[in-house]
Amino acid sequence: MTKFKSDFLRVLDERGFIHQCSDAEGLDQAALDGIITAYIGFDCTAPSLHAGSLVQIMMLYWMQQTGHRPIALMGGGTSKVGDPSGKDESRKMLTDDDIAANMAGIRKIFEQLLTFGDGPTEALMVNNDDWLKELNYISFLRDFGPHFTINRMLTFDSVKLRLDREQPLTLLEFNYMVLQAYDYLELTRRHGCTLQMGGSDQWGNIVNGMELTRRVDGKHVFALTTPLLATSSGAKMGKTASGAVWLNADMLQPYEYWQYFRNTEDNDVGRFLRLFTTLSLDEVARLEALQGNELNEAKKVLATEATAMVHGRDAAEASKETARRTFEQGGAAEGLPSFDIDLASGLGVLSALVATGFAKSNGEARRHIKGGGVRINDVQITDEAMELSAANLNTDGAIKLSFGKKKHALLKPGG
């Protein structure tokens with residue numbers, strides 16, 4: 001028997017997006033009765049979101065696909081404050097120009113996944129600086145401060161984490177949860193928004209906004225959160241040893257993004273197929289049932305479909321072909337990440353490994369060379385003092401550098 005009657009909640013439930021819901025029955029009925037408007041907030045602290053935000057972005061995607069209106073709320077105002085949730089220390093202060101540039105970069109990913117416009121189910125991108133910058137501080141405190149008690153705010157994980165670790169929590173950051181709650185009230189007033197969604201670490205902040213909207217305007221609104229996502233081994237989604245898995249192609253090439261999902265742990269394949277692709281659940285069930293080497297084919301499907309969602313089908317297929325040529329044929333594969341280098345004065349292989357980010361230090365690079373894990377143009381090297389020069393260029397006019405089995409790059413003259 002289906003748990004939910006509305007397509008919106010049924011799809012989210014079947015694909016594994018739902019962790020908590022304030023009034024599941026009421027929200028389900030509202031989604032059946034008409035178009036609902038929901039939002040998720042994204043702070044503008046970097047010029048791209050990373051794969052850790054994908055669950056929330058896909059929630060907005062499915063919301064629109066099931067006939068409702070999503071709002072991507074850009075935290076142009078709250079980014080000036082900084083969300084203390086999950087942070088041991090204060091974030092650096094960003095200028096208005098920094099925030100505007102970051103917002104422009106973030107918009108690219110939403111334009112790939114959502115249809116924006118003025119129609120009843122077309123997405124909106126809204127900046128909370130539009131109302132936060134206009135606030136009169138004293139009036140704001142008088143109007144909304146009485147709805148928040150310090151006693152309760154001190155119980156929030158974002159606050160307790162800092163206090164328990166004796167890290168300073170500034171008054172500016174302490175205000176963040178009040179400002180976030182006010183966002184919900186403003187979006188309800190401006191756009192008829194009745195649902196805020198987010199990760200489960202945001203539950204307290206979302207409930208704050210829900211209660212503020214009820215107390216101030218007497219409106220019944222909803223809260224919905226997703227599970228916090230980690231891999232089966234406990235690694236945080238969207239992070240690797242070499243850094244964040246950015247969603248924008250100018251910060252992480254589509255091939256590297258494809259490789260990130262190709263390297264998914266066996267136990268996560270089915271879950272990630274449901275969350276990060278639009279494949280039917282029957283097809284997901286078939287793929288996750290594969291065993292042994294056949295499961296690698298499911299991982300390739302996951303990588304290709306997940307990459308297509310973010311970077312488009314052409315980039316996904318090109319990344320898949322690059323991987324096939326690289327791993328199955330040993331080819332140079334033009335789609336590999338490339339780095340411009342200066343060969344005129346020679347480049348040490350240790351420096352090349354560090355410059356590409358394959359090794360964090362010369363010492364780590366040496367260990368991999370001694371262990372037989374470094375190849376130049378698919379030929380294993382043993383000389384850690386090796387200098388790369390024009391003589392190492394292959395027929396494609398580049399040097400293919402390989403680090404272990406899965407990391408490859410093209411070094412091209414021009415640095």
Side-chain angles (χ1 to χ4, degrees), residues 1-3 10-19 50-52 54-55 57-59 61-62 65 226-242 245 247 252-313 315-331 333 335-336 358 368 371-373 375 378 380 402-408:
M1 183 177 177
T2 304
K3 181 177 179 181
R10 178 182 53 77
V11 168
L12 291 189
D13 185 45
E14 290 175 346
R15 300 191 83 95
F17 286 95
I18 298 178
H19 178 65
H50 59 68
L54 267 180
V55 173
I57 296 170
M58 290 299 295
M59 288 238 299
Y61 169 84
W62 282 116
Q65 293 300 309
T226 63
L228 281 186
L229 196 61
T231 66
S232 293
S233 62
K236 191 173 182 179
M237 183 69 189
K239 301 283 187 179
T240 68
S242 57
V245 182
L247 301 182
L252 187 76
Q253 294 188 35
Y255 171 77
E256 295 178 271
Y257 189 82
W258 190 94
Q259 278 294 333
Y260 173 73
F261 281 97
R262 167 62 182 84
N263 295 331
T264 294
E265 297 173 29
D266 291 358
N267 291 336
D268 292 328
V269 172
R271 183 166 54 126
F272 285 7
L273 281 166
R274 278 184 284 274
L275 290 172
F276 304 130
T277 80
T278 59
L279 293 176
S280 70
L281 295 179
D282 286 343
E283 178 64 3
V284 170
R286 184 189 72 80
L287 289 168
E288 71 176 329
L290 298 176
Q291 300 291 324
N293 287 335
E294 286 188 336
L295 189 58
N296 288 326
E297 295 306 310
K299 293 181 182 181
K300 292 176 186 176
V301 172
L302 167 62
T304 302
E305 294 301 315
T307 303
M309 291 296 297
V310 171
H311 296 294
R313 180 62 59 183
E317 293 298 334
S319 299
K320 179 181 177 182
E321 176 61 15
T322 294
R324 188 188 68 80
R325 289 181 58 197
T326 302
F327 296 108
E328 296 176 15
Q329 297 181 345
L336 290 175
F358 288 171
H368 276 267
R375 299 184 304 286
D378 298 317
Q380 181 179 311
S402 302
F403 185 79
K405 294 182 179 180
K406 297 178 180 178
K407 293 183 178 181
H408 308 270

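All figures in this text were calculated on a predicted structure; none of them were measured in a lab.
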Check: Thr277 main-chain N/O paired with Arg15 side-chain donor or acceptor under 3.5 Å: yes
Do Thr231 side-chain atoms and Ala235 backbone N/O form a donor-acceptor pair below 3.5 Å? yes
Closest heavy-atom pair and its distance - [X], [Y]:
X: Tyr257; Y: Ala306; result: CE2-O, 3.8 Å
X: Ala323; Y: Gln259; result: CB-NE2, 3.9 Å
X: Lys299; Y: Arg262; result: CD-O, 3.5 Å
X: Pro227; Y: His19; result: N-CB, 3.4 Å
X: Met58; Y: Leu275; result: CG-O, 3.5 Å
X: Asp268; Y: Ser232; result: OD1-OG, 2.6 Å

Compare all side-chain heavy atoms of [X] with those of [Y] and state whether any distance is below 4.5 angstrom.
X: Ile57; Y: Val310; value: no
X: Thr278; Y: Trp62; value: yes
X: Arg10; Y: Lys3; value: no

Salt bridge (charged side-chain N to carboxylate O under 4.0 Å, His left out) with Glu256: which residues, sequence neighbours excluded? none
Salt bridge (charged side-chain N to carboxylate O under 4.0 Å, His left out) against Asp13, all qualifying residues, sequence neighbours excluded: none
Calculate, to the nearest 0.5 Å, the distance between atoms [atom1] and [atom2] belonging to [X] and [Y] respectively.
X: Glu265; Y: Arg271; atom1: CD; atom2: CZ; value: 9.0 Å
X: Ile18; Y: Leu12; atom1: CD1; atom2: CG; value: 5.0 Å
X: Glu321; Y: Arg324; atom1: CD; atom2: CZ; value: 4.0 Å
X: Leu302; Y: Asn296; atom1: CG; atom2: CG; value: 12.0 Å
X: Leu273; Y: Arg286; atom1: CG; atom2: CZ; value: 10.0 Å

May I ask you to check whether over 12 heavy atoms, not counting those of Lys320, lie within 6.0 Å of atom NZ? no
Sorted by chain and number, sequence neighbours left out, side-chain contact (heavy atoms from CB on, under 4.5 Å) with Arg313 holds for Thr304, Glu305, Ala308, Glu317
Taken in chain and number order and not counting sequence neighbours, the residues that satisfy side-chain contact (heavy atoms from CB on, under 4.5 Å) with Ala298 are Val269, Leu287, Leu290, Leu295
Those residues that, when tested against Phe272, pass ring pair (Phe, Tyr, Trp, His ring centres under 6.0 Å) (two or more places apart): Phe276
According to ring pair (Phe, Tyr, Trp, His ring centres under 6.0 Å), who are the partners of His368, at least two apart in sequence or on a separate chain? Phe403
Run Gln253 and Trp258 through side chain to side chain contact (heavy atoms under 4.5 Å, CB included) and show every step you take. CA-CA 9 Å; Gln253 294 188 35; Trp258 190 94; over 6 Å; no
Would you mind telling me which of Glu283, Glu288, Glu14 makes a salt bridge (Lys or Arg N to Asp or Glu O under 4.0 Å) with Arg274? Glu288
